Amino acid sequence: MNIRLFRLQACAATSLLLISACQGTAIDNSVSPSSSEKSDDSGDSIIASFPLSETIMSASETYRLTDPADSSSVRFITLSTSVQWPEALGKFKIDNLHDSIVGITFGADAPKDIKKAIRQSVTRLDSYGLDGQVEKTDTIPASEEQSQYYVTRTLQLIECTQETVTYSSTFSEYLGGAHPNSGATPFSFILASDRPVTFDFLFLPGAMETLKPMILESIAASKSLSVDELKQALLNSPDSITNNVYILNGTIAFHYNPYEILPYSYGPSEAFIIPDDVISILTPEAIKLLID
């Protein structure tokens, strides 16, 4: 198996984490080995390491909603949040990473303090457009379990290397309608500079003209479609959304949620680009990060 194919398959497998994350799963990385631990194996001298420390924070509240005009009209909703909060990544400064985690997971108006943001996410219902008398409850009648509303948010660590860290902020919700909604926002940070990996950081101006057919080919292959079949199904062109780029297993990844470029039935879409294949449109900073 050639290296290029192996890397793409590895990324495709890891991208399943992003899809499962929409279901509210979590990875437990709360315990990490310290770089100060010693070993009798002389081969350890070639291993670079730094300590990773994080705290798993979670909260959940369930509410009973009663229509004031009809007391027999009752709905139940559960709000839940789970966050893998980085306390320390080696000796790197991660203030901007912290701010981005809060902003991406909870919105720009959320409190900067992570505990306050989590608490608010499970105690405020006004942002969901739900009317009625609200009261907390610990139980949901069995007859209501299948139709209950829910909003679930998660923040997961997807990958951490010596140069970058990648998280995925996900949500899954059902507030009535034909089906639940879910989505993910994967994002990467450069540890040495505590700055996000963005499209403009990675690519030179005009790069999307080269990237677009490669993105379409990658997505089509992942869904067992021809590129022409994929084009016929598109709701929007991939080049209309450029803020969905991140780093995974040494590749450049593009993530699209349902409805962003394809109908809901296709689920989320991922495209993986090998940096060596697009070196002519990478910025010098991206080449240094991903290739040199």
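The residues of the chain are indexed from 1 along the displayed sequence. As the structure is a computational prediction, the values presented were derived from the model and not from experiment.
The CG atom of L202 sits 11.5 Å away from the CD1 atom of I273 when rounded to the nearest 0.5 Å. Rounding to the nearest 0.5 Å places OH of Y167 at 12.0 Å from CD of E159. A distance of 13.5 Å separates CZ of F187 from CD1 of I247, quoted to the nearest 0.5 Å. Put simply, OG on S82 and CD1 on I118 are 8.0 Å apart, with the number rounded to the nearest 0.5 Å. D239 contributes atom CG, which lies 8.0 Å from atom CD1 of I215 (distance to the nearest 0.5 angstrom). Between the CG atom in L262 and the CG atom in N236 there is a gap of 9.5 Å [rounded to 0.5 Å].
The closest donor-acceptor contact from the side chain of T81 to the backbone of S58 lies at 3.5 Å or more, if one exists at all.
Apart from L204 itself, the hydrophobic cluster it occupies contains nothing, where clustering links Ile, Leu, Val, Met, Phe, Trp and Tyr at side-chain heavy-atom distances under 4.5 Å.
Checking K136 against T62 by side-chain atom types alone, no donor-acceptor pair falls below 3.5 Å. In this structure, a donor-acceptor pair under 3.5 Å is absent between the side chains of T78 and E61.
Contacts of D126 classified as side-chain contact (heavy atoms from CB on, under 4.5 Å), with partners at least two apart in sequence or in another chain: R124. With sequence neighbours excluded, no residue forms a ring-ring contact (aromatic ring centres under 6.0 Å, His included) with Y266.
Residues L230 and L216 come closest through the heavy atom pair CD2-O, 3.3 Å.
Note: Y174 and Y150 have tilted aromatic rings, judged against thresholds of 30 and 60 degrees for the angle between ring planes.
Ring centers of H255 and Y246: at least 6.0 Å apart, outside the cut-off. Taking the centre of each ring, F92 and F50 come in below the 6.0 Å mark.
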